[in-house]
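What follows is a set of notes on a single structure, which appears directly below.
All values derive from a computational prediction rather than experimental measurement. Quick note on labels: first sequence line is chain A, next is B, and so on, each numbered from 1. Side chains are part of it too, since the values below use all heavy atoms of this structure and drop only hydrogens, waters and symmetry mates.
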Amino acid sequence: MRQSFRGIALACLAVGGMANAQFEYEYEPAAGSFAFNQALYEFYSQDHFSAAVLALGLEQQGDDADPALSRFIADNLLDYGLYRDALSRYRRLLQADVLSADERAAIWMRIARYEYERGYFDAALATLTEMRVDVGARRERTARAQLLAQIQMRLGEPAAAVNALNEGRVYGNSDFARYNLGMAYIADEDVRRGRRELDILGRQLVTDPTEHALRDRANLALAYNYLAEAKGGSARPVLQRIRLNGPYSDEALLGLGWAEIASDRADEVRQTDADNVDTIAGVLGAILRPGKVDEDLRQRLGLLRSGNEPETEEGRFRRALVPWLELESRDPKNPAVLEVQLAIPYALAELGEDDKARQFYERAVIRLERGRDGLDKAIDGIRSGRMVETMIRRDRDREAGWNWRLRDLPDASETYYLAKILSENQFQEALKNYRDLRQLQRRLAFDKQRLTDEGFAQNRASVNPNRLIARRLADQPPLWGSVPTTLKLETQLRRFPRNETLEGLLAWTYRYAPSLRLQLEQRSPGFAAPSLPLEMAELGQRIDITLEQLGELLRDARALLESIAVGELERQKSQLTRYLIDARFALARQYDKSQLGVPEE
Amino acid sequence: MTALRAMTLLFAIAWCGSAAAQGDHYAELQLLDQRIQSLKAQALELSLASHAAQTQYLYPDEQRLRLFVTMDVFDFELDSVTIELDGQTVSEHSYTPREVYALKRGGAQELLLTNLAPGSHELEARFVGRFAKREQDAPSYEKAISLSFDKTRAAQQLELRLEPRPRGRELNVRVFAREAGE
């Protein structure tokens, strides 16, 4: 079973926004240029390397520089990750003033997005600054402002990001921009304004799955911001807006429990009228009504009293257990599910339910230990080199380059733990580079095979051999045609041994046959095996050198990917170990507590 | 108060977990990216030279035949094509949705590059696909053509273009001879 990549992609959207949306550019088949249409096929098939090779070949044949062809080449070079070469072409095109304002704006944004995603933040900032003076910039105003703000946030300049997003009220045109504005205000310590933007976004009526995910994300960010100040009363209604089965529901359920416990403090947030059955508020409300949902869960909540709870600390702990018990049975690889393994027995202990608390702590220790073993196995899996190869297995021959996206996660244990990091630009870009190298390695090896003696002979003989032989024989002069008619075997070959014994015949053959064979070869050079032209042999040698360099780069690229992934897993393991230590200490306390009531023998 | 203390502790852990900057590998990524770009540029140059050399030496003008597929029909999902030359299967291709899209956007797919002796030859092409988009259960539609052509002593390019028929869900295949530099 493949793990859905939707959640990751959505998480990425909320952080990256437009930066991850590929700009769709289009080319029309050039009228009358059949050769260009071949490159076009490669382009639309996302084989950008082949498209670039074909288009460069066309450019070499052409007399005049064609700006449209040059743009096509530059686009394919960039898509293949040849940033430097693409940039120099784009610069020439931008300076030559041969493009429309739309085209110029699109080029500026493509350059800046590439720079941002590959981590060239200063270069991206410079590109967007330069873009500003171009009239085309107005057409991409919202996208430009968002990307600028993301870079400024990444560079630790939230005030500049706020200015970028406020300029011309771009946040009014895009929900992503509004989300980023809210986060930028909070990072700039203008918490009140930040909360306001996130609250507006979190209360929107939405239908589209992407908008829904963004709304959930805004609510989660806002609620956790309240919880950081222990304002559970404000966080609770915000968390209840989040969908129970959305990508952020685990974190929301965890936070909701803490919000219940700290519900005595509140801010000014209202609960939206837009809540419905698929939100946490709707579903948890139903759980509390007898006979509605999941009897098993109700039984596990048997210690809870139904109805309105008084605003006591005990009541708050009991209400906290509702979302936590819902979360407890979910995928234990999620950090929120791991944390709740400790939160539940903690709340039970506070309620004086020591036996139940001890049972939950024991179960938590088992689960956390199992989780740590799983992480160890995943780390081993990564170090064995299996992970990276599995990830790029899909579409392995496609040359999409920078355009390629990891669409879903392979069914390997390590990838379950890596959902967050896989959505980050640095991992995605490193993975694309690795994939490009593997693809290039196959392509060069294929070229090399055709440039060897064997490959050359095989490919030249691709014509039907029967026809080739028939034609060659038709063109061939008679085999003995050029042999002087005066040739007499008896004279030339000296006393051909008629009526000789077998030994004598063989001795004669060994002595004279070699010279006869040599003579025949010289007279029919057309039958000799074709030899590899020098130009091709040299190319083959250059490919060998490139393949050697490529092997070295592949090792380094894989090492980088593994180092990012292992780093993330080690971080998770260290967090899990902390939980495990807490659980064991708490369990020991529970045992001590239970021993206090037992009389000594 | 106990509760709030515990909450702070646990949240500190969770918050650090989610907000802590992952090890930033951008510097390493960029160094590697620079090296990879140089190698890609080198490979591109090699590929151009190799493409030209192979055309010159492996497929000399006198024998070179290229066969292309194009599409001028938008409600047809091409699944596969099979080409036979003089009774022998020389090319079979199964299409991905992306490749079909590329054909519909006006791309010309080079399906076959081979050497063929000048003279008369028989070509058969079989196209298989479906008319309804994204409906795997839609009935399969097959269109086959057969033609004789003369391979000249110059490099030759043939385009097989799928076109809709004026009535009903049927296809035509038209064959065009294309000049090498066209």
Subject >> Steps toward side chain to side chain contact (heavy atoms under 4.5 Å, CB included) verdict (A:Tyr41, B:Arg105) >> reply: CA-CA 8 Å; A:Tyr41 175 80; B:Arg105 293 308 308 260; over 6 Å; no
Subject >> Residue pair B:Glu28, A:Ile564: steps toward the side chain to side chain contact (heavy atoms under 4.5 Å, CB included) verdict >> reply: CA-CA 11 Å; B:Glu28 290 164 76; A:Ile564 298 174; over 6 Å; no
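How far CD of A:Glu429 is from NE2 of B:His25: 15.0 Å, rounded to the nearest 0.5 Å. Summarising the geometry, atom CG belonging to A:Leu444 is positioned 7.5 Å from atom CG belonging to B:Leu39; distances are rounded to the nearest 0.5 Å. The structure places CG of B:Leu29 at 11.5 Å from CZ of A:Phe427, a figure rounded to the nearest 0.5 Å. Separating the CD atom in A:Gln46 from the OH atom in B:Tyr101 is a distance of 9.5 Å, to the nearest 0.5 Å.
Taking the six-membered ring for Trp and the full ring otherwise, the centers of A:Phe34 and B:Phe176 sit at least 6.0 Å from each other.
Only the side chain of A:Leu440 comes within contact range of chain B, with heavy atoms under 4.5 Å apart. Looking at A:Leu338, there are no atoms closer than 4.5 Å to chain B (heavy atoms on both sides), in backbone or side chain. Contacts between A:Leu82 and chain B at a heavy-atom distance below 4.5 Å involve backbone atoms as well as side-chain atoms. Of the atoms belonging to A:Leu58, not a single heavy atom falls under 4.5 Å from chain B. For A:Ser563, the parts lying under 4.5 angstrom from a heavy atom of chain B are both the backbone and the side chain.
Across all their heavy atoms, A:Leu539 and B:Ala53 have their closest contact at CD1-CB, 3.8 Å. The two residues B:Lys40 and A:Phe49 make their nearest non-hydrogen contact at O-CE1, 4.4 Å. The minimum heavy-atom distance linking B:Ala41 with A:Asp85 is given by the pair CB-OD2, 4.0 Å.
Among A:Asp556, A:Leu561, A:Leu54, A:Leu77, the residue with the largest count of heavy-atom pairs under 4.5 Å with chain B is A:Asp556. Among B:Ser38, B:Ala27, B:Gly119, the residue making the largest number of heavy-atom pairs under 4.5 Å with chain A is B:Ser38.
Summarising the local packing, NE2 of B:His51 is surrounded by 12 or fewer heavy atoms from other residues, nucleotides or ligands at distances under 6.0 Å.
Residues meeting the salt bridge (charged side-chain N to carboxylate O under 4.0 Å, His left out) test with B:Glu84, sequence neighbours left out: none. Listed by chain and residue number, B:Glu159, B:Glu163 satisfy the salt bridge (charged side-chain N to carboxylate O under 4.0 Å, His left out) test with B:Arg161 (two or more places apart in sequence, or in another chain).
Counting heavy atoms from C-beta on, the side chains of B:Leu46 and A:Asp447 never come closer than 4.5 Å.
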Could you go through residues 541-551 of chain A and list every donor-acceptor pair under 3.5 Å that involves a side-chain atom there, pairing it with any protein atom two or more places apart or in another chain?
residue: A:Arg542; atom: NH2; partner: B:Glu45; partner atom: OE2; Å: 3.3
residue: A:Thr546; atom: OG1; partner: A:Arg542; partner atom: O; Å: 2.9
residue: A:Thr546; atom: OG1; partner: B:Gln42; partner atom: NE2; Å: 3.1
residue: A:Gln549; atom: OE1; partner: B:Gln42; partner atom: NE2; Å: 3.0

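The stretch residues 30-37 of chain B places B:Gln30, B:Leu32, B:Asp33, B:Gln34, B:Arg35, B:Ile36, B:Gln37 near chain A, each with some heavy atom under 4.5 Å from a heavy atom of that chain.
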